[in-house]
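Shown next, in C-alpha cells, is the structure this report addresses.
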Amino acid sequence: MDALELTTGHWILRAADDVFEAFGDVVLGSQRIHLRHLAVGVERRKNGDLRVRTGLAPSPDAPFYAGSAVVSGGTFMIDVPADQEPPLRSFLDQVGARTGRTLGTF
C-alpha cells in the first residue's frame, strides 16, 4: 500500500501501511494510531479555517468521520487553513477508505 502524505500549516499528516501519523513542527510530540482505531472530527472555525481532531474511534464499527465522538486518549487538534480544505478532504477520504469502515460525514 502506497504511503499518503499531506503537509498543511505546521503539520505533516501521513498514512502508511496500517498506521496514521501526525507530526507538528511547532507542537512538541506526534501522534501514531493504527488505522483500525482512527477517527477524525472536522469542524469549521469562525475564521473559516478547519479544526481537525484525530484520535480513537468510539467503537470498531464507528464511522471514520466521527464528529464530536472522537474519543480522547491522545486526541490531536490540527488547525488547517481554509484554502487547504480540498487537499485535506482528498487525503482524509483516502485514509478513511483504508480503515475498512464507513466514512460518515466530513
Side-chain angles (χ1 to χ4, degrees):
M1 189 177 301
D2 290 338
L4 301 171
E5 190 167 291
L6 175 70
T7 301
T8 179
H10 296 283
W11 292 92
I12 297 171
L13 308 178
R14 188 169 196 276
D17 299 319
D18 291 336
V19 177
F20 170 83
E21 298 170 296
F23 304 98
D25 68 356
V26 174
V27 178
L28 294 177
S30 62
Q31 183 183 52
R32 184 176 168 98
I33 298 177
H34 194 283
L35 288 179
R36 187 178 321 144
H37 304 290
L38 177 64
V40 174
V42 181
E43 63 184 47
R44 188 162 310 277
R45 303 187 70 207
K46 289 181 182 179
N47 66 359
D49 290 349
L50 300 173
R51 172 151 293 162
V52 179
R53 288 180 301 110
T54 59
L56 300 176
S59 69
D61 58 349
F64 175 70
Y65 291 118
S68 61
V70 174
V71 174
S72 61
T75 301
F76 265 45
M77 286 193 215
I78 301 165
D79 290 331
V80 178
D83 66 344
Q84 291 291 302
E85 183 174 349
L88 174 70
R89 279 181 182 263
S90 175
F91 173 79
L92 290 176
D93 284 351
Q94 290 177 68
V95 172
R98 292 182 179 193
T99 68
R101 303 192 322 263
T102 59
L103 285 181
T105 304
F106 180 81

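Scope of the values below: all heavy atoms of this structure, side chains included, with no hydrogens, waters or symmetry mates.
- Asp79 pairs by the salt bridge (Lys or Arg N to Asp or Glu O under 4.0 Å) definition with Arg45, Arg51, not counting sequence neighbours.
- Taking every heavy atom of both residues into account, Thr7 and Gln84 meet most closely at O-OE1, 4.2 Å.
- From Trp11, atom CH2 reaches atom CE of Met77 across 11.0 Å, with rounding to the nearest 0.5 Å.
- Here the shortest heavy-atom pairing between Phe23 and Ser30 reads CD2-CB, 3.7 Å.
- Taking CD1 of Ile78 as the start and CG of Leu50 as the end, the distance is 11.5 Å to the nearest 0.5 Å.
- Under the ring pair (Phe, Tyr, Trp, His ring centres under 6.0 Å) criterion, Tyr65 pairs with Phe106, not counting sequence neighbours.
- Across every non-hydrogen atom of Leu13 and Ala22, the tightest pair is CD2-CB, 3.8 Å.
- Atom CZ in Arg14 sits 5.5 Å away from atom CD in Glu5 (nearest 0.5 Å).
- Here the closest non-hydrogen pair linking Ala82 and Gly48 is CB-O, 3.3 Å.
- Between Leu103 and Ala97 the shortest heavy-atom distance is CD2-N, 3.9 Å.
- For Asp2, the CG atom sits in a loose shell: 12 or fewer heavy atoms of surrounding residues, nucleotides or ligands are nearer than 6.0 Å.
- Remark: side-chain polar atoms of Asp17 are not paired, donor with acceptor, to backbone N or O of Val19 under 3.5 angstrom.
- Considering CG of Leu92 and CG of Leu38, their distance stands at 8.5 Å, rounded to 0.5 Å.
- Side chain of Gln94 to backbone of Leu4: no donor-acceptor contact under 3.5 angstrom is found.
- Closest of all the heavy-atom pairs between Leu35 and Phe20 is CD2-CB, 3.9 Å.
- Residues in residues 85-106 take part in these salt bridge (charged side-chain N to carboxylate O under 4.0 Å, His left out) pairs, two or more places apart or across chains: Arg44-Glu85, Glu85-Arg89.
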